[in-house]
Visitor: 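If you scroll down you'll find the structure; I have some questions about it.
Keep in mind that this is a model prediction, so the values were computed, not measured.
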Amino acid sequence: MTKLTHLDATGQASMVDVSDKSVTSRTAIAEGCVVMQAETLDLIRHGEAKKGDVLGTARLAGIMASKRTHELIPLCHPLLISKVKVDCILDDGLPGVRVSAEVKVSGQTGVEMEALTAVSIACLTIYDMVKAADKAMRIENIRLRRKSGGRSGDFEAP
């Protein structure tokens with residue numbers, strides 16, 4: 001089993017020292033979805049949500065959240081993120097919205113948590129904006145889909 005890097009020699013939580021790591025290009029892509037009634041999806045599709053532009057607001061919220069991940073998750077490093085792209089795609093098959101986030105940085109630590117935070121907050125924003133129409137919505141399957149760069153190398157979810 002891999003040694004957990006956020007624990008010190010006594011087992012206490014600690015921030016990882018990345019000062020000796022090389023600066024490399026790192027990318028992470030995360031995904032998730034909000035499952036809802038077909039009628040709720042139609043509200044979003046036709047721009048009829050009472051709170052306004054659901055997908056545009058969710059994209060912006062995800063981008064903003066990725067840049068503040070270090071303020072939300074105690075042991076994350078503040079990063080100079082070079083790119084955040086959040087996509088919200090309507091999917092009649094769910095029915096609902098599929099959300100993905102791609103985050104890039106040139107740095108000494110990865111951006112997996114930033115991508116996961118972007119997706120999580122975008123999904124929560126979608127939920128918030130149409131919850132009056134559909135209290136049974138579910139946020140599901142938030143996960144890291146792919147990452148590249150850094151000492152641990154590349155990863156792609158099956």
Visitor: Taking all non-hydrogen atoms of both residues, which atom of Leu144 and which atom of Ala28 are closest, and how far apart?
Guide: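 Heavy atoms of Leu144 and Ala28 come nearest at CD1-CB, 4.1 Å.
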Visitor: Which heavy-atom pair separates Tyr127 from Met137 by the least distance, and what is that distance?
Guide: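 Minimum heavy-atom contact is O-CE, 3.4 Å.
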Visitor: Carefully, step by step, assess Glu31 and Arg98 under the rule salt bridge (Lys or Arg N to Asp or Glu O under 4.0 Å).
Guide: CA-CA 7 Å; Glu31 65 185 6; Arg98 293 192 181 277; over 6 Å; no
Visitor: With hydrophobic residues grouped by side-chain heavy-atom distances under 4.5 Å, do Ile73 and Leu79 end up in a single group?
Guide: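 Yes; Leu79 is reachable from Ile73 via cluster members.
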Visitor: Should Leu60 and Val54 be regarded as members of a common hydrophobic cluster, given that ILVMFWY residues are connected when their side-chain heavy atoms come within less than 4.5 Å of each other, either directly or indirectly?
Guide: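 Per the 4.5 Å side-chain linkage, Leu60 and Val54 are not co-clustered.
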Visitor: Output the distance between atom CG (Leu41) and atom NE2 (His46), rounded to the nearest 0.5 Å.
Guide: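 So the gap between those two atoms works out to 8.5 Å.
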Visitor: Nearest heavy-atom pair of Cys76 and Thr69: which atoms, and what distance?
Guide: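 Closest pair (atom of Cys76, atom of Thr69, distance): SG-CG2, 4.1 Å.
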Visitor: Find out whether Met36 and Ile44 are in side-chain contact, i.e. whether some heavy atom of one side chain is under 4.5 Å from a heavy atom of the other.
Guide: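 They are in side-chain contact.
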Visitor: Closest approach of Asp134 and Gln37, non-hydrogen atoms and distance?
Guide: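 Looking at all heavy atoms of both residues, the shortest contact is OD2-N, 2.8 Å.
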Visitor: Assess whether side-chain contact (heavy atoms from CB on, under 4.5 Å) is satisfied between Val111 and Lys83, documenting all intermediate values.
Guide: CA-CA 11 Å; Val111 286; Lys83 176 185 179 179; over 6 Å; no
Visitor: Answer yes or no: is there a side-chain heavy-atom contact under 4.5 Å between Met129 and Leu43?
Guide: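 Not touching, per the 4.5 Å side-chain cut-off.
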Visitor: Quick one: pull up CD in Gln108 and NZ in Lys21 and give me the separation to the nearest 0.5 Å.
Guide: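 Output value for this atom pair is 8.5 Å.
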Visitor: Mind listing the closest non-hydrogen atom pair of Val105 and Thr109 along with its distance?
Guide: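 Result for this residue pair: CG1-O, 3.9 Å.
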Visitor: Counting only heavy atoms not in Arg68, do more than 12 sit closer than 6.0 Å to its CZ atom?
Guide: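 No, the 6.0 Å shell around CZ holds no more than 12 heavy atoms from other groups.
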Visitor: Do Leu72 and Ile81 land in one hydrophobic cluster if side-chain heavy atoms of ILVMFWY residues count as linked below 4.5 Å?
Guide: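 Shared cluster, yes.
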Visitor: What do the steps show when you test Arg59 against Asp53 for salt bridge (Lys or Arg N to Asp or Glu O under 4.0 Å), and what is the final call?
Guide: CA-CA 10 Å; Arg59 278 191 296 273; Asp53 178 7; 5.0 Å; no
Visitor: Could you pull out all donor-acceptor pairs under 3.5 Å where a side-chain atom in residues 114-126 meets a protein atom, sequence neighbours excluded?
Guide:
residue : atom : partner : partner atom : Å
Thr117  : OG1  : Met113  : O            : 2.7
Ser120  : OG   : Leu116  : O            : 2.8
Thr125  : OG1  : Ile121  : O            : 2.8

Visitor: Is a side-chain N or O of Arg26 found less than 3.5 angstrom from the main chain of Gly107, in a donor-acceptor match?
Guide: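 Flag set: sc Arg26 to bb Gly107 pair under 3.5 Å.
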Visitor: With the 4.5 Å side-chain cut-off for hydrophobic clustering, are Val103 and Met64 part of the same group?
Guide: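 Val103 and Met64: separate clusters.
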Visitor: Walk me through it: do Thr27 and Glu102 pass the test side-chain contact (heavy atoms from CB on, under 4.5 Å)?
Guide: CA-CA 7 Å; Thr27 302; Glu102 177 182 16; 3.8 Å; yes
Visitor: Can you hop from Leu94 to Val99 via hydrophobic side chains spaced under 4.5 Å?
Guide: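 Different clusters: Leu94 never reaches Val99 through Ile, Leu, Val, Met, Phe, Trp or Tyr contacts under 4.5 Å.
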Visitor: For a quick test of reading the model, state the closest non-hydrogen atom pair linking Val97 to Cys88 and the distance between them.
Guide: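 Looks like CG1-CB, 3.9 Å.
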Visitor: Could you pull out all donor-acceptor pairs under 3.5 Å where a side-chain atom in residues 151-158 meets a protein atom, sequence neighbours excluded?
Guide:
residue : atom : partner : partner atom : Å
Ser152  : OG   : Lys147  : NZ           : 3.2
Asp154  : OD1  : Gly149  : N            : 3.3

